[in-house]
Amino acid sequence: MLKIIAIVVGGLVVAAATGVVWAFSIGQRSVSYTLHLTLLDSVGRPLPPQRVVVWKQGYPLQELRSDAAGQLTLEATESFGSSVLFGPNRPDAFAIRLYLPEIAPLFYWFTIKESGPVGPYEVHNDYYSYNYKQWVGDFDATHATRRQIVPADPSKTFYAVPPTGGQVPRWQGTTTLERAAKRSDGSYDYRLDLVLQQSGVEVIN
């Protein structure tokens, strides 16, 4: 009898431990969002219709075209780590990666965490090199904000490389990030309005 009780109790302990591990385990989730992008020149006028390429390392390029108002709309998803019960329910940031070939041969990476001004963004010479091998630097609307990265191991410091073409067109960005309707599975869609206005050129020798 004692042996049977021990087996039952042992089973309950294992089940409880498994439940705790399951609740706290981190898996990959994703949310859907609609990106409304507006491209403006330095005085706030819409840029003429042009190619806009969305990129992500390891994935095919996705090409779109802005309209006469300098705008386009894109349906996309963002993946993030989240525990089953304790979240988070949305990514810490949405990554907007754009290549505007009619403006510059460079690949921009904007990180959107909330509504308001867009913070410094990354610029790369291509979309497929890993470990910052073709990283040109981080920039904001007025200047380069970072041109080297010092990780925990200083021997692995990454130094920015010269940009293709020798210069980096800068952007001033503002965004509105809103949660949209709730889906049948309990998750939410999001709406992200991103306005990018040209703000000069950084010449890098």
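Shortest non-hydrogen contact noted between Ile96 and Leu194 is CG2-CD2, 4.0 Å. Across all their heavy atoms, Leu106 and Pro169 have their closest contact at CD1-CD, 4.1 Å. Glu78 approaches Pro91 most closely through the heavy-atom pair CG-CG, 3.7 Å. The shortest non-hydrogen separation linking Pro120 to Thr145 is CB-OG1, 3.7 Å. Heavy atoms only, all atoms of each residue included: Lys113 and Ala93 are closest at CG-CB, 3.6 Å. Considering every non-hydrogen atom in both Ala68 and Pro46, the closest pair reads O-CB, 3.9 Å.
Environment of CZ in Arg146: crowded, with over 12 heavy atoms of neighbouring residues, nucleotides or ligands closer than 6.0 Å. Within a 6.0 Å sphere centred on CZ of Phe158, other residues, nucleotides and ligands contribute more than 12 heavy atoms.
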Check the pair Arg191 / Asp193 against salt bridge (charged side-chain N to carboxylate O under 4.0 Å, His left out), numbers first and verdict last. CA-CA 7 Å; Arg191 175 189 172 108; Asp193 294 347; 3.0 Å; yes

Run the numbers on Leu100 and Val53 for side-chain contact (heavy atoms from CB on, under 4.5 Å), then give the verdict. CA-CA 6 Å; Leu100 306 166; Val53 180; over 6 Å; no

Decide yes or no on side-chain contact (heavy atoms from CB on, under 4.5 Å) for Leu40 and Val195, but give the supporting numbers first. CA-CA 8 Å; Leu40 305 175; Val195 178; 3.7 Å; yes

I would like to know whether Gln198 and Ser42 meet side-chain hydrogen bond (donor to acceptor under 3.5 Å, both in side chains); could you show each step before the answer? CA-CA 5 Å; Gln198 292 179 326; Ser42 59; 5.4 Å; no

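In this structure, Asp138 and Val123 have side chains that are not in contact, with every pair of non-hydrogen atoms separated by 4.5 Å or more. Looking at heavy atoms from C-beta onward, Phe110 lies in side-chain contact with Leu196 at the 4.5 angstrom threshold. Between Leu37 and Leu98, some side-chain heavy-atom pair lies under the 4.5 Å cut-off. For the pair Tyr59/Val54, no side-chain contact is recorded, criterion being any heavy-atom separation below 4.5 Å from C-beta on. Annotation: side chain of Thr157 is in contact with side chain of Pro151 (closest heavy-atom distance under 4.5 Å). Residues Leu35 and Thr73 are not in side-chain contact: their nearest non-hydrogen atoms beyond the backbone lie 4.5 Å or more apart. Within the 4.5 Å cutoff, no side-chain heavy atoms of Val31 are placed close to those of Thr77. Inter-residue side-chain proximity for Gln172 and Val118 is flagged as unmet; no heavy-atom pair is nearer than 4.5 Å.
Judged by distance alone, the side chain of Asp67 and the main-chain N or O of Ala69 form a donor-acceptor pair under 3.5 Å. Within the 3.5 Å criterion, the main-chain N or O of Leu39 finds no donor-acceptor partner in the side chain of Gln71. Side chain of Ser199 to backbone of Ala141: a donor-acceptor contact under 3.5 angstrom is found.
Transitive grouping of hydrophobic side chains (ILVMFWY, heavy atoms separated by less than 4.5 Å) keeps Trp109 and Tyr33 in distinct clusters. Ile149 and Val161 are assigned to two separate hydrophobic clusters, defined by single-linkage of ILVMFWY side chains at heavy-atom distances under 4.5 Å.
Between Asn125 and Thr164, the side chains place a donor N or O and an acceptor N or O closer than 3.5 Å (distance only, hydrogens not considered). Residues Gln50 and Ser66 have side chains that never bring a donor and an acceptor to within less than 3.5 angstrom of each other.
Legend: residues meeting ring pair (Phe, Tyr, Trp, His ring centres under 6.0 Å) with Phe107, ordered by chain and number and at least two apart, are Trp55, Tyr99, Tyr127. Scanning for side-chain hydrogen bond (donor to acceptor under 3.5 Å, both in side chains) contacts around Ser115 gives an empty result, with sequence neighbours left out.
Here Lys56 contributes atom NZ and Leu61 contributes atom CG; the two are 13.0 Å apart, rounded to the nearest 0.5 Å. Atom CG of Leu192 and atom OG1 of Thr34 lie 9.5 Å apart (nearest 0.5 Å). The structure places CG of Asp92 at 9.5 Å from CD of Glu114, a figure rounded to the nearest 0.5 Å. With values rounded to the nearest 0.5 angstrom, Gln134 atom CD is found 10.0 Å from His124 atom NE2. To the nearest 0.5 angstrom, Phe139 atom CZ is 5.5 Å from Arg147 atom CZ.
Classification of the Tyr132-Trp135 ring pair by plane angle, with boundaries at 30° and 60°, yields perpendicular. Note: Tyr121 and Tyr108 have tilted aromatic rings, judged against thresholds of 30 and 60 degrees for the angle between ring planes.
Among residue pairs with one or both ends in residues 157-170, those qualifying as salt bridge (charged side-chain N to carboxylate O under 4.0 Å, His left out) are Arg170-Glu202; sequence neighbours excluded.
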